Amino acid sequence: REFMSKQLCEVFEGKAGIEGLTSAKLQDRAIAEAKASVGLFPADALFAVAAVDVGSGKFDVSFRAFDLEARSWWLDRFTIRQRLWPDGVLRDIRTRERIEDWSVLIEQVLLRQFPIEGREDWAMPVAAVGIDIGDGNVTWKGREFARRALLDGHFWGSAASPWSRVRLLQGSPSARASELSAPRHIDRDERNKLVKPAVPEYTVGAHVLKELALERLAVSDGGPGQCWFADGIASNYYDEYFNEPLIDGKFERQGPNESLDLFAYEEAVRLMLRPDRAIYNWSEPHLRPPWARPINLNPEGGDQAAPAEGASAAPAVPQSKLSRFDALNRRPKPDG
């Protein structure tokens with residue numbers, strides 16, 4: 001946090017600012033400040049990330065948009081409990097048993113596109129998704145899912161040097177662990193057999209990231225770190241921010257806490273993207289990093305990469321190949 005404050009000039013209210021903040025108060029503030037409905041990308045935001053918390057029979061999913069000063073907009077939050085099978089029947093997900101059940105994350109999370117406020121026919125892609133595989137019962141399934149997603153073309157950059165859009169996370173047991181470690185590259189399966197391609201996996205300082213998430217929830221002056229909330233997110237998801245209070249320096253879980261965990265993972269993904277790098281030009285949409293460039297949802301009569309608002313021509317945003325999982329979970333794709 002010292003680095004973020006001194007080097008990145010991101011200043012947040014201290015822990016004292018969290019005192020008195022409750023789910024009800026946060027929801028009241030969300031109603032008063034609501035700027036957009038669920039699934040709409042705000043005009044002031046610059047890029048979107050996603051996070052997934054894996055349970056034995058569900059995926060908890062969250063989406064968040066950020067600007068360059070870590071202001072954020074909670075875009076959507078839902079829980080996936082079933083998958084549509086080829087016979088047309090919805091069946092309960094078993095994340096520990098069936099790799100096929102992970103397929104729902106491709107279309108419902110990784111390929112999600114958010115219509116941009118005030119820009120008809122344009123949408124923002126998900127830059128990357130962070131998936132918590134710290135539960136030892138799902139670790140190897142998560143690694144295999146990430147490997148298959150990479151093979152199916154879900155990356156930024158070139159095939160020779162891909163930047164995977166699926167980022168695997170495991171929380172450190174140490175409360176002193178830094179926010180984000182350098183990635184390990186996993187190239188073995190659960191039988192210790194060599195597999196390709198290798199997939200990146202990070203250890204995150206969950207304790208520090210959750211503290212930071214709570215501090216940001218308390219910011220209400222519009223400054224760096226301020227959070228805004230889409231209209232329509234269910235109240236129980238707000239409750240999850242407050243079901244793991246910090247007591248005597250330790251987080252004590254007292255109920256569902258997935259929203260708090262997901263906010264921490266979203267921040268970890270933001271740090272991986274390093275959006276403040278000098279190589280990026282955020283003043284022009286077509287000069288932004290590829291994971292933050294708007295996508296034309298209605299390319300008929302023109303190139304999807306055609307410049308917006310008078311800008312010069314820009315490289316096309318990389319398009320993912322058809323996932324091998326699609327046949328297991330057929331759903332109509334959005335236009336574009």
Side-chain angles (χ1 to χ4, degrees), residues 50-62 77-85 90-110 128-152 154 164-175 177 180-181 183-207 209-210 236-237 240 243-244 250-266 268-269 323-325 328-329:
V52 177
D53 194 359
V54 184
S56 63
K58 63 174 182 171
F59 294 107
D60 279 288
V61 180
S62 179
R77 168 78 174 89
F78 55 82
T79 303
I80 305 173
R81 299 181 185 277
Q82 293 186 315
R83 174 174 65 90
L84 184 65
W85 284 42
L90 283 168
R91 292 183 171 86
D92 292 346
I93 285 172
R94 291 293 177 264
T95 59
R96 300 174 179 179
E97 302 168 15
R98 296 190 293 257
I99 186 63
E100 294 82 8
D101 286 349
W102 290 67
S103 68
V104 296
L105 299 180
I106 296 294
E107 289 195 23
Q108 294 191 44
V109 183
L110 194 61
V129 53
I131 304 178
D132 175 25
I133 58 168
D135 178 346
N137 294 298
V138 303
T139 299
W140 288 104
K141 287 289 190 295
R143 290 170 174 171
E144 177 62 13
F145 169 73
R147 190 182 71 84
R148 295 187 185 191
L150 190 53
L151 282 171
D152 286 331
H154 298 296
S164 176
R165 295 174 66 184
V166 175
R167 302 269 125 177
L168 302 177
L169 311 173
Q170 294 209 45
S172 169
S174 172
L180 188 68
S181 71
R184 300 180 301 278
H185 294 281
I186 307 300
D187 61 359
R188 299 274 174 176
D189 65 14
E190 57 188 320
R191 296 179 179 85
N192 202 35
K193 179 182 177 182
L194 184 66
V195 292
K196 294 183 178 181
V199 295
E201 184 174 300
Y202 297 77
T203 298
V204 298
H207 184 101
L209 288 172
K210 286 193 284 192
N236 61 296
Y237 292 136
E240 292 175 356
N243 286 337
E244 192 179 19
K250 295 181 62 177
F251 282 100
E252 301 288 347
R253 182 165 181 171
Q254 299 176 356
N257 69 335
E258 283 79 5
S259 290
L260 179 58
D261 284 343
L262 290 165
F263 196 169
Y265 305 150
E266 288 161 341
V269 175
S323 169
R324 71 181 67 177
F325 293 148
L328 300 170
N329 186 36

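Here the structure is a predicted model, which means the values were calculated and not measured.
Partners of Asp92 according to the side-chain hydrogen bond (donor to acceptor under 3.5 Å, both in side chains) rule, which considers only residues two or more places apart in sequence or in another chain, are Gln82. Taking the side chain to side chain contact (heavy atoms under 4.5 Å, CB included) definition, one finds that Ala50 meets it with Phe63, Val109, Val126, Val129, sequence neighbours left out. In this view, Asp261 and Lys210 satisfy the salt bridge (charged side-chain N to carboxylate O under 4.0 Å, His left out) rule, not counting sequence neighbours. Under the ring pair (Phe, Tyr, Trp, His ring centres under 6.0 Å) criterion, Phe251 pairs with His207, not counting sequence neighbours. For Glu266, the salt bridge (charged side-chain N to carboxylate O under 4.0 Å, His left out) partners are Arg64, not counting sequence neighbours. Residues that satisfy the ring pair (Phe, Tyr, Trp, His ring centres under 6.0 Å) test with Tyr237, not counting sequence neighbours, are absent from this structure. Annotation: side chain to side chain contact (heavy atoms under 4.5 Å, CB included) contacts of Asp60 (sequence neighbours excluded): Asp53, Lys58, Arg77, Thr79, Glu258, Leu262. When the salt bridge (charged side-chain N to carboxylate O under 4.0 Å, His left out) test is applied to Arg188, no partner is found at least two apart in sequence or on another chain. Applying the side chain to side chain contact (heavy atoms under 4.5 Å, CB included) test to Arg184 and every residue at least two apart in sequence or in another chain returns Gln170, Ile186, Glu201, Thr203. Remark: Arg81 engages no residue in a salt bridge (charged side-chain N to carboxylate O under 4.0 Å, His left out) (not counting sequence neighbours).
For the pair Asn257 (side chain) and Asn243 (backbone), a donor-acceptor distance under 3.5 Å is absent. Within the 3.5 Å criterion, the main-chain N or O of Tyr202 finds no donor-acceptor partner in the side chain of Ser181. Thr95 contributes a side-chain N or O that, together with a main-chain N or O of Ser56, makes up a donor-acceptor pair within less than 3.5 Å.
Between Trp102 and Val138 the shortest side-chain heavy-atom distance falls below 4.5 Å. Contact annotation: the side chain of Ile131 never approaches that of Phe59 to less than 4.5 Å [non-hydrogen atoms, C-beta and beyond]. Side-chain contact check for Arg147 versus Pro197: some heavy-atom pair is nearer than 4.5 Å.
Contact record, Gly142 with Ile133: CA-CG2, 3.9 Å, taken as the closest heavy-atom pair. Of all the heavy atoms in Ala198 and Asp187, the pair that sits closest is CB-CB, 3.9 Å. Taking both residues in full, the closest heavy atoms of Trp85 and Asp101 are given as NE1-OD1, 4.3 Å, listed atom of the first, atom of the second, then distance. The minimum heavy-atom distance between Leu150 and Ser164, with the atom names listed, is CD1-CB, 3.9 Å. Heavy-atom minimum distance, Ala146 versus Val166: CB-CG1, 3.7 Å.
From Glu244, atom CD reaches atom OG of Ser259 across 12.0 Å, with rounding to the nearest 0.5 Å. Separating the CZ atom in Arg165 from the CD1 atom in Ile106 is a distance of 9.0 Å, to the nearest 0.5 Å. Between atom CD1 of residue Ile93 and atom CZ of residue Arg83 there is a gap of 8.0 Å, rounded to the nearest 0.5 Å.
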Worksheet entry | Test side chain to side chain contact (heavy atoms under 4.5 Å, CB included) applied to Gln108 and Val61, step by step | CA-CA 9 Å; Gln108 294 191 44; Val61 180; over 6 Å; no

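Remark: Arg253 CZ is packed, more than 12 non-hydrogen atoms of other residues, nucleotides or ligands lying under 6.0 Å away.
Pairs of residues two or more places apart, or lying in two chains, that qualify as salt bridge (charged side-chain N to carboxylate O under 4.0 Å, His left out) and include a residue from residues 130-141 are Arg96-Asp135.
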